[in-house]
Amino acid sequence: METVLSGIRSTGNLHLGNYFGALKNYVKMQHENRCFFFIADYHSLTTHPDPALLHPNVHNVLAEYLAAGIDPEVATVYIQSDLPQVAELYLLLNMHAYTGELERTASFKEKVRKQTENVNAGLLTYPVLMASDILIHRAAKVPVGKDQEQHLEMTRKFARRFNNFYGVEYFPESEPYNFGNELVKIPGLDGSGKMGKSEGNGILLIDEDDVIRKKVMKAVTDSGPTAPNSPVTDGVRNIFTIMQAVSTPDTLQYFKEKYASCEIRYGDLKKQLAEDIIRVVAPIRSRIRDIRNNKEYLRKVTCQGAERAAESADKTMAEVREIMGIRRF
Ligand code: TYM
């Protein structure tokens with residue numbers, strides 16, 4: 001039985017990218033492994049959210065998380081800030097993280113470009129906090145989307161460095177994980193990049209059927225293929241990529257053939273895509289409504305999760321302190 005961990009920031013509502021990149025894999029793994037799933041509210045502080053919205057955001061994401069199929073009876077579900085041991089490990093690992101490598105991280109460079117007025121030290125050390133989340137339970141597998149690949153690489157680097165420095169075989173080499181082998185990147189509907197919380201280019205798990213249809217019908221395409229096997233533009237490629245995640249292989253094959261023979265009608269393609277997305281989202285959406293209103297249940301899940309996570313984290317911290325030579329009189 002392997003230890004599996006994953007997390008999600010408590011910013012905004014979950015979208016199809018979160019679901020297919022990470023959540024769906026957790027759900028499949030939870031019964032066979034020792035699983036930890038948490039909501040990264042410390043990480044969300046790097047963008048200075050309004051304190052009045054922090055808890056409601058955690059509440060929403062937690063409900064969406066559970067509605068997507070995570071079973072808190074078999075997996076340990078907790079809130080990051082309920083586990084202050086993570087903050088201690090973060091402090092200790094920061095002593096072995098170098099500013100040069102942190103400055104070169106793609107996610108940091110992007111924030112420096114986009115968030116010029118708030119380039120705080122939390123952003124710089126974001127990968128160290130993430131490594132602490134993973135290493136606090138010594139997790140071997142981390143189901144995540146493609147965008148987290150570099151952070152996982154850094155986690156392994158920090159773990160190896162710790163092991164080498166202290167002459168121990170303590171932290172594992174945590175691997176990003178996806179059942180389809182390749183890590184997934186679900187693109188946005190705007191013809192560029194990935195589906196994201198802040199980009200406003202995605203289908204949310206709480207979107208109503210009509211909203212989903214409207215969003216898909218507005219997705220960027222082009223004027224259509226002009227010759228057999230003509231190159232695919234970004235917007236159309238994105239639609240096929242989303243289709244690969246939500247539709248049957250036969251459906252995907254059908255539309256790919258229509259494209260190759262220049263007979264494709266984007267209207268039909270989008271209608272099919274919207275219905276296939278609805279098939280995935282609708283049952284999750286109805287569970288979100290039930291779970292979100294059940295505050296007593298959410299309180300029970302997070303209290304129980306915090307307790308179980310603390311047991312594992314306390315053990316790691318006692319061992320890490322011992323390895324580093326931090327002792328009581
Ligand atoms: P976050 O909250 O941005 O995303 C949560 C998970 O969803 C995946 N994801 C996607 N996968 C495919 N296509 C997309 N368009 C897409 N958008 C998001 C992400 O890869 C991620 O797996 N730093 C993390 C949260 C975190 C974490 C951790 C994750 C903190 N500590 C420890 C794993 C382990 C983040 O911001 O993910």
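Both counts, for ligands and for their atoms, begin at 1 and track the order of listing. Reckoned from all heavy atoms, side chains included, excluding hydrogens, waters and symmetry mates.
- The heavy-atom pair separating Val86 from Ser132 by the smallest distance is O-CB, 3.8 Å.
- Counting only heavy atoms of the protein, atom 37 (O) of ligand 1 lies nearest to Gln148 NE2, 3.7 Å.
- Note that Arg308 lies outside the cation-pi zone of Tyr78, set by a 6.0 Å cut-off to the ring centre and a 45° limit from the axis.
- Residue Leu5 approaches ligand 1 through these ligand atoms, each under 4.0 Å from one of its heavy atoms: 32 (C), 34 (C).
- The shortest N/O to N/O separation between Ile186 and ligand 1 falls below 3.5 Å.
- Both Leu204 and Leu14 are assigned to one and the same hydrophobic cluster, defined by single-linkage of ILVMFWY side chains at heavy-atom distances under 4.5 Å.
- Between the side chain of Lys194 and the backbone N or O of Ile186 there is no donor-acceptor pair closer than 3.5 Å.
- Ligand-side atoms of ligand 1 in range of Val142: 33 (C), 34 (C), range being under 4.0 angstrom from any heavy atom.
- Distances from atom 14 (C) of ligand 1 to the heavy atoms of Gly188, Pro176, Gly17 show the closest one on Gly17.
- Contact check on Glu182 versus Lys146 returns no salt bridge, with no Lys/Arg side-chain nitrogen under 4.0 Å from an Asp/Glu carboxylate oxygen.
- In terms of N/O distances under 3.5 Å, ligand 1 is approached by Gly145.
- Residues Leu23 and Met195 fall within the same hydrophobic cluster, defined by Ile, Leu, Val, Met, Phe, Trp and Tyr side chains chained together at heavy-atom separations under 4.5 Å.
- Here Glu101 contributes atom CD and Leu124 contributes atom CG; the two are 10.0 Å apart, rounded to the nearest 0.5 Å.
- Across the listed options Arg9, His43, Lys146, Lys24, His43 owns the non-hydrogen atom lying nearest to atom 30 (C) of ligand 1.
- Of the candidates Asp133, Asp147, Val144, it is Asp147 that places a heavy atom closest to atom 19 (C) of ligand 1.
- Side-chain heavy atoms closer than 4.5 Å link hydrophobic residues (I, L, V, M, F, W, Y) into clusters, and following such links, even through other members, never connects Val77 to Val4.
- Atom 6 (C) of ligand 1 has its nearest heavy-atom neighbour, among Val61, Asn18, Thr11, Leu14, in Asn18.
- Judged by the shortest distance from any of its heavy atoms, Gly196 lies outside the 4.0 Å radius around the atoms of ligand 1.
- Within the 4.0 Å heavy-atom criterion, the part of Phe38 lying near ligand 1 is the side chain and not the backbone.
- For ligand 1, the atoms lying closer than 4.0 Å to a non-hydrogen atom of Ile8 are 2 (O), 5 (C).
- In this structure a side-chain-to-backbone donor-acceptor pair under 3.5 Å is present from Thr46 to His43.
- Note on ligand 1: His15 sits in its first shell, one or more heavy atoms being nearer than 4.0 Å.
- Residue, atom and distance of the protein heavy atom nearest to atom 32 (C) of ligand 1 are Met130 CG, 3.6 Å.
- No chain of hydrophobic side-chain contacts below 4.5 Å, direct or via other Ile, Leu, Val, Met, Phe, Trp or Tyr residues, connects Leu5 to Tyr19.
- Atoms of ligand 1 found under 4.0 Å from any heavy atom of Tyr126 (numbered from 1 in listed order, with element): 23 (N), 24 (C), 35 (C), 36 (O).
- Listed by number with element, the atoms of ligand 1 under 4.0 angstrom from any heavy atom of Ser6 are 33 (C).
- The aromatic rings of His96 and Phe162 stand perpendicular to each other, their planes meeting at an angle above 60°, with 30° marking the opposite boundary.
- Counting heavy atoms under 4.0 Å from ligand 1, residue Lys185 touches it through the backbone alone.
- Ranking protein heavy atoms by distance to atom 25 (C) of ligand 1, first place goes to Gly7 O, 3.9 Å.
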